[in-house]
2 protein chains.
Amino acid sequence: MAKKRVSIKDIAKALGVSITTVSFIINGKAREQRISDEVSKKVKDYIKEVGYKPSHVAQSLRLGKSKIIVFMAEDISNQFFSSIARFIEEKAYRNGYKIIYCSTDNDVGKAKELISTFKMRNVDGFIITPTPDLEDVIKDLMEEEFPVVLFDRWLPDVDCSHVIVENKKSAFEGTDHLIKEGVKRPAFISLESDQTQMIDRETGFREAIQQSGVKGLELKLKFHNLAESGPYQELFEFFSKNRDIDGVFFATNYLAFEGLQALDSLGRNIPKDVKVVSFDDHYFFGLFKPKITAIEQPLETISEKLMETILNHIEELDKGYVSRKIILPNKLNIREST
Amino acid sequence: MAKKRVSIKDIAKALGVSITTVSFIINGKAREQRISDEVSKKVKDYIKEVGYKPSHVAQSLRLGKSKIIVFMAEDISNQFFSSIARFIEEKAYRNGYKIIYCSTDNDVGKAKELISTFKMRNVDGFIITPTPDLEDVIKDLMEEEFPVVLFDRWLPDVDCSHVIVENKKSAFEGTDHLIKEGVKRPAFISLESDQTQMIDRETGFREAIQQSGVKGLELKLKFHNLAESGPYQELFEFFSKNRDIDGVFFATNYLAFEGLQALDSLGRNIPKDVKVVSFDDHYFFGLFKPKITAIEQPLETISEKLMETILNHIEELDKGYVSRKIILPNKLNIREST
DNA sequence: TTGAAAGCGCTACCAC
DNA sequence: GTGGTAGCGCTTTCAA
């Protein structure tokens with residue numbers, strides 16, 4: 001069993017040099033400390049030979065940094081979040097950071113608990129999709145000088161960095177597109193939520209219908225988590241009761257998937273009877289028959305900006321906090337459903 | 001700035017007791033150590049008052065355990081892996097563990113590097129979908145007494161615990177089902193891969209066609225990662241050249257999604273002209289028109305067994321290693337495509 | 001019942 | 001150029 005892990009002390013002893021010397025060489029400060037090339041080489045060779053790896057735990061304890069960033073999503077099994085997770089992960093590794101992820105299920109209690117345990121781990125930063133009522137926790141985090149960046153939605157009462165998209169504008173455009181395609185009675189399907197991204201999308205929808213004078217209607221569903229069945233039934237009933245609907249804007253793709261099934265069961269033809277636009281483009285919208293028009297969020301750019309922002313905050317911890325608010329444009333992919 | 005983190009030392013000083021006493025009380029050993037209820041209460045109250053949280057980093061260093069388990073998937077943005085990640089995460093948290101995840105992209109180099117950096121972090125265990133040629137690294141890991149569990153596929157040359165599914169049996173059943181539905185010329189679409197799960201699925205297919213005497217054909221595509229475009233083009237050409245194909249078995253769902261598009265472009269009707277079965281059921285197979293017959297892996301059971309196995313290994317580290325090999329049954333969901 | 005102190009592995013200040 | 005050593009926060013043995 002090669003169970004014996006070598007420590008810096010073992011190296012020093014084996015080579016008859018001091019721990020300090022070894023440490024300097026490991027950390028690339030040999031030159032700076034004017035350690036002789038001879039010793040330096042000897043140590044480096046020995047390190048390679050025995051396969052020494054410094055303990056990150058000890059480094060963490062000593063330096064108060066862990067090189068770990070937490071990524072708190074609403075639900076990591078949701079394609080939107082897992083795609084961002086994927087990009088983030090890659091960018092993090094490239095910068096020497098690891099990612100710990102977790103899903104909040106949009107539950108404050110869970111989010112609070114999670115944040116609290118991560119604090120004990122000296123994590124270097126938090127990337128968070130805030131749940132409702134998380135304001136105080138975020139404020140605490142910021143007071144304790146933890147780097148934090150929010151995404152997908154933000155908290156109006158907290159001056160915290162975030163990376164979001166143009167929800168209102170895109171919802172406006174999507175709705176406007178429906179109307180321009182001849183829709184007279186558009187429906188907006190969303191979640192019961194007072195979170196910024198949903199509110200902005202709703203506002204965009206409302207402004208668009210108001211501007212053009214058509215009369216719309218709205219349906220808000222409650223959040224369904226992993227264990228529960230989807231909102232198919234409610235959607236079925238809604239579409240069944242409101243036969244005059246000739247256009248639907250889904251505020252998020254998961255609602256669209258369920259809604260499209262409901263429309264199909266009701267025998268409504270897309271795009272002839274009903275035109276459809278959804279927020280959050282998805283691989284499968286291109287596979288549907290007909291292909292579904294959707295608003296695509298720039299996943300990779302979001303991830304890039306998130307990493308950039310969090311790394312900036314980490315680096316500039318001492319220089320005081322200046323929040324960065326980044327708002328990115330989306331793209332309307334027009335397909336067969338409109 | 002509530003930046004001042006209290007340590008166990010601060011508590012001891014503030015209350016005029018020793019660090020030892022505080023430590024015992026925190027760790028629930030007050031009774032055992034016969035610390036007076038009075039002191040115990042005083043300390044507990046104070047801890048609550050100042051919101052003291054022990055540093056996990058220091059505990060890690062001291063105890064050599066981190067309460068972190070690594071989850072290495074092929075690609076975390078793939079629905080199969082992200083769903084398992086989600087279940088694992090939940091079960092881990094319930095047991096006081098955190099999960100660090102990463103994606104290997106099926107690349108040995110990346111996997112090796114990742115494993116090496118995690119070793120430095122004293123992680124308590126590894127859950128891994130092994131990439132090709134990872135045998136030696138896994139062996140090393142096991143020799144160093146790190147708990148390891150593989151999943152999705154395994155390594156025949158290494159006696160390591162794993163949780164997999166009945167690939168051969170299910171592929172046999174799926175193919176057999178195609179044949180029973182009248183398919184005379186089945187195609188098997190898979191990845192160029194000598195990994196166990198793909199080989200087993202291929203074997204299942206071959207045995208089924210052999211048994212019934214029909215003549216099948218096979219297509220193997222190379223692995224496409226996130227950045228590359230899918231194998232649509234190859235599939236289109238294949239189906240276009242082999243017009244006599246009247247049944248397709250896709251070895252994994254991502255191939256099916258691309259393949260279905262190709263079949264559609266070619267105007268082949270499902271299930272009239274071509275019947276389709278895919279491995280790895282997916283939410284969208286139920287949304288397709290027609291709905292696609294698919295083999296469903298028991299995601300939650302897989303996750304449960306993974307956690308159970310890794311926790312077992314962690315607990316029984318000292319008792320020596322006995323590998324556990326778990327093979328779970330799948331479910332064939334018959335739908336409209338056959 | 002409680003406390004002192006060693007030590008987990010490492011960094012970096014200070015001394016020689 | 002190199003080495004000694006304090007100390008990050010905690011657990012645990014041994015002593016009192």
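Each chain gets a letter, A, B and so on, in the order its sequence line appears, and its residues count up from 1.
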request  = For the pair Glu316(A) and Arg324(A), find out whether any cationic side-chain nitrogen is under 4.0 Å from an anionic carboxylate oxygen.
outcome  =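 Yes.
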message = If only side-chain N and O atoms count, and only distance matters, is there a donor-acceptor pair under 3.5 Å linking Thr20(A) with Ser23(A)?
response =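 No, no side-chain donor-acceptor contact under 3.5 Å.
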key: Distance-only donor-acceptor check, side chains Glu74(B) and Ser103(B), under 3.5 Å   =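 No, no side-chain donor-acceptor pair sits under 3.5 Å.
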key: Net bend of the helix from dT1(C)-dA16(D) to dC16(C)-dG1(D), end axes of five pairs each, nearest 10 degrees   =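 End axes: 50° apart.
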Just how far, in rounded Å, is [atom2] of [N] from [atom1] of [X]?
{"X": "Gln59(A)", "N": "dG9(D)", "atom1": "CD", "atom2": "C1'", "answer": "17 Å"}
{"X": "Phe24(A)", "N": "dG4(D)", "atom1": "CZ", "atom2": "C1'", "answer": "12 Å"}
{"X": "Lys29(B)", "N": "dT11(D)", "atom1": "NZ", "atom2": "P", "answer": "8 Å"}
{"X": "Ile8(A)", "N": "dG4(D)", "atom1": "CD1", "atom2": "P", "answer": "14 Å"}
{"X": "Ile19(B)", "N": "dC8(D)", "atom1": "CD1", "atom2": "C1'", "answer": "13 Å"}
{"X": "Lys53(B)", "N": "dC10(D)", "atom1": "NZ", "atom2": "P", "answer": "13 Å"}
{"X": "Ile25(A)", "N": "dT2(D)", "atom1": "CD1", "atom2": "P", "answer": "8 Å"}
{"X": "Gln33(B)", "N": "dA15(D)", "atom1": "CD", "atom2": "P", "answer": "15 Å"}

ask   = Hey, where on DNA chain C does chain A first and last touch, going 5' to 3'? Cut-off is any atom under 4.0 Å from a heavy atom.
value =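 First-to-last contact on DNA chain C, by the 4.0 Å heavy-atom rule, is dC8(C) to dC13(C).
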inquiry  = For a quick check of understanding: with a heavy-atom distance under 4.0 Å over all strands, which category does Ser7(A) fall into, base, sugar-phosphate or nothing?
reply    =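 Sugar-phosphate, no base atom in range.
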request  = Would you mind classifying the nucleic acid contact of Thr20(A) as base, sugar-phosphate or nothing, using non-hydrogen atoms under 4.0 angstrom?
outcome  =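 Thr20(A): base contact, heavy atoms under 4.0 Å.
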ask   = More than 12 non-hydrogen atoms from neighbouring residues, nucleotides or ligands closer than 6.0 Å to NZ on Lys325(A), yes or no?
value =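 Atom NZ in Lys325(A) is packed in, count exceeds 12.
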key: Closest heavy-atom pair and its distance - Asp159(A), Tyr321(A)   =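 Taking Asp159(A) first and Tyr321(A) second, the nearest heavy atoms are O-CE2, 3.7 Å.
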query = Taking all non-hydrogen atoms of both residues, which atom of Val163(B) and which atom of Leu328(B) are closest, and how far apart?
reply =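 So the two residues come closest at CG1-CD1, 4.0 Å.
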request  = For the pair Thr104(A) and Asn106(A), evaluate side-chain hydrogen bond (donor to acceptor under 3.5 Å, both in side chains) and give the outcome as yes or no after the intermediate values.
outcome  = CA-CA 5 Å; Thr104(A) 62; Asn106(A) 222 16; 5.0 Å; no
ask   = Among residues 36-47 of chain A, which residues get a heavy atom nearer than 4.0 Å to DNA chain D?
value =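 Ser36(A), Val39(A), in order of number.
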message = Side chains of Asp105(A) and Arg86(B), heavy atoms from C-beta outward: is any pair under 4.5 Å?
response =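 A side-chain contact exists here, since the closest heavy-atom pair is under 4.5 Å.
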query = Does the side chain of Leu15(A) reach to within under 4.5 Å of the side chain of Val22(A), using non-hydrogen atoms?
reply =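 Not in contact.
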inquiry  = Between Thr309(B) (side chain only) and Lys305(B) (backbone N and O only), is there a donor and an acceptor less than 3.5 Å apart?
reply    =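 Yes: the side chain of Thr309(B) pairs with the backbone of Lys305(B).
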key: Residue-phosphate contact under 4.0 Å: Thr21(A) side-chain N/O, dG3(D) OP1/OP2   =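 Yes, such a contact exists.
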query = At under 4.0 Å, does any side-chain N or O of Lys65(A) touch on OP1 or OP2 of dC8(D)?
reply =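 Result: no.
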ask   = Mapping Leu61(A) and Ile35(B) to their closest nucleotides on DNA chain C, which lands nearer the 5' end?
value =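 This one resolves to Ile35(B).
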message = Reading DNA chain C from 5' onward, which residue's closest nucleotide shows up sooner: Val17(B) or Tyr52(A)?
response =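 Its nearest nucleotide being more 5', the pick is Val17(B).
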key: Nearest-nucleotide pick for Ser18(A), side chain only, options being dG3(D), dT12(D), dA6(D)   =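 That would be dG3(D).
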request  = Compute the ring centroids of Tyr101(A) and Tyr101(B), then answer whether they are less than 6.0 Å apart.
outcome  =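 Close enough - the centres of the two rings lie under 6.0 Å apart.
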inquiry  = Tell me whether Lys67(B) forms a cation-pi arrangement with Tyr97(B), defined as NZ or CZ under 6.0 Å from the six-membered ring centre and within 45 degrees of its axis.
reply    =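 Output yes; distance and angle both within limits.
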